[in-house]
Amino acid sequence: MVAQTVIAGEGDEAVLPHPTARLYGETLEKLPLDLYIPPDALEVFLDAFQGPLDLLLYLIRKANVDILDIPMAPLTAQYLAYVDAMRTHRLELAAEYLLMAAMLLEIKSRMLLPRPPRESGEDVEDPRAELVRRLIEYEQMKAAALALDGIPRIQREHEWVGVQVAERLAEIQPDVSATDLQLAWLALMRRADMTRHHKVSREALSVREFMSGILRRLQEEGDLRFDQLFERNPTAAHMVVNFLAVLELARENLIELLQLEAFAPIYVRTARNDTADVVAEPG
Amino acid sequence: MSELPETTQPTSSPSPADIKRVLEAALLASQDALGTADLRKLFEQDLDHALLRRLLDELREEWSGRGIELVQVASGWRFRTTADMQPYLDRMRNEKPAKYSRAVLETLAIIAYRQPVTRGDIEDIRGVAVSPGIIKALEGRGWIDSVGYREVPGRPALYATTRRFLDDLGLRTLAELPPLAELQKVMEFNDAR
Amino acid sequence: MSELPETTQPTSSPSPADIKRVLEAALLASQDALGTADLRKLFEQDLDHALLRRLLDELREEWSGRGIELVQVASGWRFRTTADMQPYLDRMRNEKPAKYSRAVLETLAIIAYRQPVTRGDIEDIRGVAVSPGIIKALEGRGWIDSVGYREVPGRPALYATTRRFLDDLGLRTLAELPPLAELQKVMEFNDAR
């Protein structure tokens with residue numbers, strides 16, 4: 001059986017010559033009766049286990065033996081009987097079960113050997129120690145799982161309370177700084193490699209601001225006389241920038257400058273398609 | 001944890017006070033309004049409609065004057081915060097300022113530096129389509145508005161930044177935006193690195 | 001609603017009763033637990049820590065015996081429905097709460113008590129393979145997450161429980177988890193079943 005080959009690979013550990021034959025001899029001899037489970041119930045029964053450790057714990061607890069002094073021979077026999085039954089009933093058996101079978105056989109065989117005293121004179125470790133440690137730790141976690149599940153939790157025993165907030169909270173608006181805009185523009189230029197085409201100087205920026213202002217005024221107040229565009233300019237510098245803005249707007253065909261006859265007042269209005277022919281000469 | 005009743009079995013009819021206690025808890029725990037049909041499902045026994053109505057009115061009365069009120073809306077009953085709680089709640093939540101996406105910032109930068117511009121202009125510069133959502137967000141914020149139309153087919157709107165934009169950024173005029181000449185230097189600096 | 005002041009300007013210091021009213025509304029309306037730092041942000045004036053603590057205790061006291069309770073969990077303070085309300089709420093929502101399999105619960109217990117652990121550690125303790133579905137289910141619930149990697153070949157993820165896990169179980173710290181059974185107790189525990 002698989003378990004045997006695994007053991008054979010262990011090297012310095014003793015290999016049981018005929019484990020199967022001896023296994024059933026021991027089973028009949030030493031197996032406590034209350035370990036017995038009818039084979040019919042086996043499949044249902046095995047579904048209840050989380051794995052070999054779980055099955056072993058069950059066998060140990062069922063036999064009512066001390067976990068610190070497990071009788072390895074009957075336990076191994078009992079376990080192997082289940083594994084055998086599982087293998088005949090099911091094609092697939094988790095590898096963990098076979099590994100555990102190997103481990104049990106190995107421990108059992110080591111228990112049969114006389115224990116040579118170590119040079120240091122210390123007690124030699126019980127071959128079962130590692131198995132017992134794992135069983136105890138697993139059993140502890142099984143209990144912890146049950147305890148965790150017993151804690152009242154949200155969506156089972158409780159619901160969170162959370163009533164509606166009346167008005168939608170005033171939306172939190174992102175902050176933007178002038179530097180953010182600078183960086184955005186920078187990124188744009190880098191990406192488009194537009195540095196050569198889009199140089200905008202400080203003055204030009206003022207011009208563009210005035211351009212927007214003029215358009216906004218025309219939108220709100222309708223057509224204006226040319227001089228009306230300048231009456232709000234407090235300084236000469238403003239006048240100049242404003243004038244540049246008017247020229248730029250005209251150049252970009254965003255406004256129309258109209259003069260019906262020489263020396264008559266010049267009127268400014270937003271560009272219209274139907275009068276495209278009277279648009280002032282682009283600068 | 002272990003002393004909790006496994007599953008409370010309401011064997012006898014619950015008293016009106018018990019019912020009210022359940023109604024209150026259910027309404028407080030619900031994000032959505034609960035209709036009377038929902039509320040009646042809470043109970044095994046059939047709940048008299050008039051009684052339910054009376055108890056809800058009582059609850060509303062009991063909660064009046066507090067920071068939460070029970071209100072009846074189209075879809076049923078719900079608790080919600082009262083208006084006078086708003087400044088407090090705002091204060092608590094006004095902590096994490098969101099951030100605009102790169103698309104929004106670039107659009108805003110283009111409008112700020114190149115105004116007045118159409119959406120088409122912005123798309124030309126950015127090289128990608130500008131979603132209407134971006135323009136709407138900036139308009140909603142009061143930072144840009146349409147100042148006219150370009151007289152080309154489709155008459156696209158011309159966008160410009162507003163006074164509020166300047167106010168919010170702490171600028172007096174657009175000329176106070178970082179000049180692009182300096183940008184040039186920043187860029188060279190970055191390229192040099 | 002309309003007769004309320006537009007924006008309450010707490011000019012003078014609010015009374016403890018006012019503060020409590022605001023605290024209650026904020027806690028009832030919050031989708032998350034609120035820490036004392038959050039709660040103090042509600043007020044313009046600095047709120048004395050001892051006073052806040054006292055008012056929260058008072059609130060908890062005032063709510064005891066009702067259908068909802070104020071609890072202190074890992075992330076702060078939060079209202080939740082009491083356990084005896086659950087049968088009613090389940091009835092209204094017509095849904096049964098999810099039950100976790102033994103495999104999921106054992107995995108959760110190992111992560112909770114032995115954290116941080118790798119999947120391999122869990123498999124060592126349980127003696128069987130841990131399916132990715134189990135880890136996913138616990139991650140999906142927000143109860144565990146990966147907190148790093150063990151520097152061994154394959155760099156397996158290290159799992160730990162989250163604050164939400166504590167919150168959902170009504171715990172403030174991991175130390176409030178039920179203590180692990182001692183060996184002897186483990187045996188008695190199992191015998192008793």
Side-chain angles (χ1 to χ4, degrees), chain B residues 1-10 14 17-32 34-45 47 59 62-71 78-96, chain C residues 1-10 14 17-32 34-35 37-45 47 62-63 65-69 79-94 96-97 169-171 176-178:
Chain B
M1 45 187 158
S2 45
E3 76 272 24
L4 282 162
E6 269 285 283
T7 314
T8 327
Q9 295 279 24
D18 289 339
I19 296 174
K20 205 154 70 179
R21 186 165 157 269
V22 172
L23 290 174
E24 182 182 68
L27 285 163
L28 284 170
S30 175
Q31 258 298 291
D32 305 308
L34 297 174
T36 49
D38 299 313
L39 292 169
R40 293 171 75 177
K41 272 194 278 176
L42 287 162
F43 305 96
E44 214 155 40
Q45 290 89 348
L47 184 56
L59 265 183
E62 289 165 23
W63 275 88
S64 74
R66 299 175 75 167
I68 302 278
E69 60 188 349
L70 182 59
V71 291
R78 81 187 322 166
F79 276 107
R80 69 174 183 204
T81 54
T82 57
D84 63 328
M85 286 296 113
Q86 215 53 36
Y88 297 97
L89 298 176
D90 284 345
R91 208 172 293 132
M92 184 173 67
R93 297 184 192 192
N94 257 352
E95 273 306 278
K96 29 186 188 247
Chain C
M1 218 165 90
S2 45
E3 76 272 26
L4 285 162
E6 270 284 284
T7 312
T8 328
Q9 294 280 27
D18 290 339
I19 296 174
K20 206 152 71 177
R21 182 166 162 269
V22 172
L23 290 175
E24 182 183 68
L27 285 163
L28 285 170
S30 177
Q31 297 300 308
D32 300 296
L34 296 176
D38 299 314
L39 291 168
R40 293 172 75 178
K41 273 192 274 172
L42 287 162
F43 305 96
E44 216 153 38
Q45 289 88 349
L47 185 55
E62 287 165 24
W63 276 93
R66 298 176 73 169
I68 67 171
E69 59 190 351
F79 276 107
R80 69 178 186 192
T81 56
T82 56
D84 62 329
M85 287 296 113
Q86 212 54 30
Y88 298 96
L89 297 174
D90 285 345
R91 207 175 292 130
M92 182 176 71
R93 288 170 199 184
N94 203 15
K96 282 268 152 240
L169 267 67
L171 307 173
E176 289 186 354
L177 281 177

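Using a 4.5 Å cut-off between heavy atoms, C/R40 makes no contact with chain B at all. The contact between C/Q31 and chain B is made entirely by side chain atoms (from C-beta outward), counting heavy-atom distances below 4.5 Å. B/L34 touches chain C through its side chain: at least one heavy atom from C-beta onward sits under 4.5 Å away, while N, CA, C and O do not.
Every residue two or more places apart in sequence or in another chain that forms a salt bridge (Lys or Arg N to Asp or Glu O under 4.0 Å) with B/R66 is listed here: C/E24.
Counting heavy-atom pairs under 4.5 Å between each of B/L28, B/V22, B/V71 and chain C puts B/V22 at the top.
Taking both residues in full, the closest heavy atoms of C/M85 and B/R21 are given as CE-NH1, 3.3 Å, listed atom of the first, atom of the second, then distance. B/L42 approaches C/Y88 most closely through the heavy-atom pair O-CD2, 3.2 Å. Taking all atoms of both residues into account, the shortest heavy-atom contact from B/T81 to C/A25 is CG2-O, 4.4 Å. The two atoms that bring B/K41 and C/M92 nearest to each other are NZ-O, 3.7 Å, heavy atoms only.
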